[in-house]
Enquirer: 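Sending over a structure as structure tokens; questions will come in a sec.
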Amino acid sequence: MDTSRQAFLTLENLGKSYGVRRVLRGVSLAVGPGEVVSVTGRNGSGKSTLLKLIAGLLRPSQGEVSLQIGANAKPLDAAGRRQAVGYAAPDLALYDELTGRENLLFFARVRGRRLPDAERRLADVGLAGRGNDLVRAYSSGMRQRLRLAFALLADPPVLLLDEPSLALDEAGVALVAQTVARHKAARGVTLLATNDAGEAALGDRALVLDG
Amino acid sequence: MSWTAEAGAVFAKELRTEWRTRVALSAVGLFALASLTLIALSFRGAPLTSFRSDADRALQLLTREAVAGSLLWVLIFFTAATGLGRTFVQEAERGTALALRLSARATTVWTGKYAANTLLLLVLTLIAAPILLAILEVRPANAGLLVCVLLIGAVGLAAVMTFTAALVAQASAKSGLLAALSFPLLVPLFLAGVNGTKAALGFGNEAGRWTPALADLQVLGSYAVIAVTASLLLFDFVWND
């Protein structure tokens, strides 16, 4: 990854509440280029919420998320963060009434990417042969692979993967490990929210949320 | 990517998904068909030729011109509320809103969806209006003026409906909320729309002149500009917060 696109992610005393229910509090973390952090914790401890806060999909109740692309660059606002991250999560869906290829081509277009990027990503996740099928006809494992392709579409400097191996077969689990390794080698930042020990082992270090 | 190309991609996606599912098309079409059928049943057996004297016929025609102006906008409003509300609700319910929020700017999402909704509403209006007028046996005194009023009115109506639909998608109780929230906002548009439509149909304007409707056209045009501008300015808060 080009050094001007290297990411520096800092979380300072980050917290999130939904009404009176506090989901996350006092999370601080600094992640630099080429690092993989596993985010673990029991169900409801705020792993998915943390990833959404970093992605700019939620607004923190306390603290702040700072993401710089390039060592001396200004921190991005929430809108900038949404564009800079690749995000895959179980509650993220792509359009059932479009084919896998059409989905990626659409998101490539709105992200200003070249169309071959979409084709390449489809092949990367092993869906090239099924790219012309409607997503409605995909199995849950194939949908998960498509989510991964969506996350990787814009070559993001930050990859946020929430339970990335969910519903995947053995080859799919290996694909996730390969993707994380490739992103690390390219000096990207990766955060993996998981309860799976094997998946958590992909991280260089772990952030354990105690809820 | 340029802003217009991004909005264009959202617009094309909206048309493609709608063409494949026909969710909004079916809802809008069925509602319009049911409404027009009920209106036709109500006027069955009372053609204008059944009124004996010219004075009775003239009075009846005048009443129908006035009724047509309102009925047409009632039909357009409730059909729009039935069909256009789905656009953001579906994104929220299915989880595709997350992918869209991560990929596109809020203003291009709104614009793409707004353009698709406007197209749907215009198609509906251009099909339903002649049928309604034929049922009521009302011939427009100025067809060009009628098209202008309906076209500009639909542009403003679709803007308010698209924005309100995004608000409604965030609520837990969605049923009926779109009509309830959007109606008070649309009162100025309906006032000008109904007046303009009546003038185009010849109510108090037998010669079908443009002059009596110019103020209404100005209100409709200004309303559309304000609705689009306000939606573009405010949509980011609704979509991303």
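What you see below is based on every heavy atom in this structure, not just the backbone, and it leaves out hydrogens, waters and symmetry mates. Residue numbers start from 1 in every chain, and the chains themselves are labelled A, B, ... in the order their sequence lines are given, proteins ahead of strands.
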Enquirer: Quick one: do B:Arg94 and A:Glu97 satisfy salt bridge (charged side-chain N to carboxylate O under 4.0 Å, His left out)? Show the steps, please.
Expert: CA-CA 12 Å; B:Arg94 293 177 177 184; A:Glu97 53 277 36; 2.7 Å; yes
Enquirer: Under a 4.5 Å heavy-atom cut-off, does chain A meet the side chain of B:Ser103, its backbone, both or neither?
Expert: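 Both backbone and side chain of B:Ser103 come within 4.5 Å of chain A.
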Enquirer: Is A:Leu134 close to chain B through its backbone or its side chain, or both, or neither, when contacts mean heavy atoms under 4.5 Å?
Expert: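 When you check distances to chain B, only side chain atoms of A:Leu134 fall under 4.5 Å.
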Enquirer: Are there over 12 heavy-atom neighbours, none belonging to B:Phe190, within less than 6.0 Å of that residue's CZ?
Expert: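 Atom CZ in B:Phe190 is crowded, with more than 12 foreign heavy atoms closer than 6.0 Å.
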Enquirer: Any heavy-atom pair between the side chains of A:Val110 and B:Val10 that's under 4.5 Å?
Expert: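 They are in contact (side-chain heavy atoms under 4.5 Å apart), so the answer is yes.
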Enquirer: Could you list which of residues 111-131 of chain B have a heavy atom closer than 4.5 Å to any heavy atom of chain A, in residue-number order?
Expert: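 Checking residues 111-131 of chain B against chain A gives no residue, so none.
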Enquirer: Does B:Leu98 reach the side chain of A:Lys52, with side-chain heavy atoms less than 4.5 Å apart?
Expert: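 Answer yes - side chains close enough.
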Enquirer: Is it true that a side-chain atom of A:Arg111 and a backbone atom of B:Ala104 form a donor plus acceptor pair closer than 3.5 Å?
Expert: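 A pair under 3.5 Å: no.
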Enquirer: Identify the heavy atoms of A:Leu57 and B:Arg101 that sit nearest to each other, and give their distance.
Expert: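 For A:Leu57 and B:Arg101, the tightest heavy-atom pair comes out as O-NH2, 2.8 Å.
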Enquirer: Let me confirm one number: the OH-CG distance from A:Tyr95 to B:Leu100, rounded to the nearest 0.5 Å.
Expert: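 Going from the OH atom of A:Tyr95 to the CG atom of B:Leu100 covers 4.0 Å.
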Enquirer: Is the side chain of A:Arg109 donor-acceptor paired with the backbone N or O of B:Ala9 at a distance under 3.5 Å, no angle test?
Expert: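 The answer is no, because no donor-acceptor pair under 3.5 Å joins these two groups.
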Enquirer: Taking atom CZ of A:Phe107 and atom OG1 of B:Thr96, what is their separation to the nearest 0.5 Å?
Expert: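 Reported to 0.5 Å precision, the distance equals 7.5 Å.
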Enquirer: Non-hydrogen atoms of chain A under 4.5 Å away: do they reach the side chain of B:Gln90, the backbone, both or neither?
Expert: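 Nothing of B:Gln90, per the 4.5 Å heavy-atom cut-off to chain A.
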Enquirer: If you take all heavy atoms of B:Ala99 and A:Ala93, which pair is closest and at what distance?
Expert: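 Reported closest heavy-atom pair: CB-O, 4.0 Å.
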Enquirer: Between A:Gln83 and B:Leu102, is there a side-chain heavy-atom distance shorter than 4.5 Å?
Expert: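 Contact flag for B:Leu102/A:Gln83 side chains = no.
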Enquirer: Roughly how far apart are A:Asp96 CG and B:Arg20 CZ, rounded to 0.5 Å?
Expert: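 Answer for the CG-CZ pair, A:Asp96 versus B:Arg20, is 12.0 Å.
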